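One structure is given here, and the rest of the page talks about it.
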Amino acid sequence: MAKITLKNLAHSYLPNPSAEDDFALKEMTHDWRDGEAYALLGSSGCGKSTLLNIISGLLRPSHGRVLFDGRDVTDQATAERNIAQVFQFPVVYDTMTVRENLAFPLKNRGIAAAEIAERVQRVGRMIGMEATLNHKARGLTADAKQKISLGRGMVREDVNALLFDEPLTVIDPHMKWELRTQLKKLHQDFGHTMIYVTHDQTEALTFADRVVVMYDGRVVQIGTPQELFERPAHTFVGYFIGSPGMNLFDASIDGTKAQIAGTQFDLGTTYATNGGDTKIGVRPEYIRLAPKGLPARVTRVEDVGRHKIIRLELGGQEVSAIAGEGDTVPDGGTHVQFIEGGVNVYEDGWRVPSAKEKDAA
Ligand code: ADP
Ligand code: MG
């Protein structure tokens, strides 16, 4: 297992990149902790696979270095890095049985037969294919083949890291949950450094200790699910994570005073903004209807079982608020207030810490 360090890492697929737009990955520097389960989350095309393939050694970065436990591995091939990687689509040997496929990575490394048999049995159980271990892979469904790929990634215990690139895409929905649970269990049992790529926030938030959120070639935040919920570092994290996502209001900010759609209110603390484009972000969970506050109008109420989602119009913008199942919601005109602790200030997309937070730090 290893701590993974990305040092001034950037990647362009072009031979002579010049502008920032030429980079599929913009420059980044961070440490990924040894033994942690990470999810790499972002929309399609934001650079997740590029980053994963650089960590595994399938792709050499055009700029910067990759280190495992402080050792530079940038020029090492995947095999030398001792990594197991599972891809979105199955990679299996059709002529081999399921058992032989699962045993392959172990045989390759000269593990004793008894131990191979034991581990193959265990992984076969984890992927729900115990009963089909002696079947040839040929003729199995794409779903079953992907489970074999997943199992092949899970069978080795001596790896520096386990990497998964959207491994459940072709898997039947009811089986997804089961396999994700198995991956989590594998992490609990063996404590491997794991990186799991997905564009699905539920998958990311349920699997990972820490979620790495990517947007347009950048890592915009690395945090626990709770940190991403309470203090999204970037407006993208705010609206990408959460259901519904964070409400973002154009706001002017002056010391402790803020103004949204012509109504001024007190923030209770100061924010050091620098003349950029400022916004206030408030999650629907932190918005309540009240007799006073920002004037708004209820346009729709959606009952989603555990709670209600109230859609409002505020200063020409749609706003979402979450209310309890039993709460009564007024028709039409009302006011909204922000619940203490739920206000985030952004400047040019990035979160601005309040004076209070800075004092506490
Ligand atoms: P994701 O996995 O998040 O969907 P990718 O890492 O696959 O994103 O892609 C990031 C960007 O790099 C995209 O704009 C994509 O078109 C581009 N890209 C990916 N692979 C290649 C490649 N082999 N050659 C050129 N451009 C690529
Ligand atoms: Mg991808």
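Bear in mind that the values here come from a model prediction, so they are computed numbers and not experimental data. In listed order, ligands and their atoms are each counted from 1.
Within the 6.0 Å centre-distance limit, the rings of Tyr93 and Phe104 are counted as a close aromatic pair. Taking the six-membered ring wherever Trp is involved, the centroid distance between the rings of Phe338 and Phe265 falls below 6.0 Å.
When only non-hydrogen protein atoms are considered, atom 7 (O) of ligand 1 lies nearest to Ser49 CB, 3.8 Å. Counting protein heavy atoms only, atom 8 (O) of ligand 1 is closest to Gly47 N, 3.2 Å. Remark: minimum distance from atom 23 (N) of ligand 1 to any protein heavy atom is reached at Tyr13 CE2, 3.6 Å. The single protein non-hydrogen atom nearest to atom 10 (C) of ligand 1 is Gly45 O, 3.4 Å, given as residue, atom name and distance.
Interface of Ala24 with ligand 1, defined as ligand atoms under 4.0 Å from a residue heavy atom, comprises 11 (C), 12 (O).
Inclusion of Gln88 in the first shell of the Mg ion (ligand 2) is not supported: no N, O or S atom falls under 2.8 Å.
Side-chain contact between Thr5 and Val66: absent, with no pair of heavy atoms (C-beta onward) separated by less than 4.5 Å.
At a threshold of 4.0 Å, the pair Asp72-Lys7 does not count as salt-bridged, since none of the basic side-chain nitrogens sits closer than that to a carboxylate oxygen.
For the salt bridge (charged side-chain N to carboxylate O under 4.0 Å, His left out) with Arg122, the qualifying choice from Glu157, Glu130, Glu115 is Glu157, the only one to do so.
For the residue pair Arg138 and Thr95, no side-chain donor N or O sits within less than 3.5 Å of a side-chain acceptor on the partner.
Considering only non-hydrogen atoms, atom 9 (O) of ligand 1 lies nearest to Thr50 out of Thr50, Asp216, Leu59, Asp21.
Of the protein's heavy atoms, none falls inside 4.0 Å of atom 16 (O) of ligand 1.
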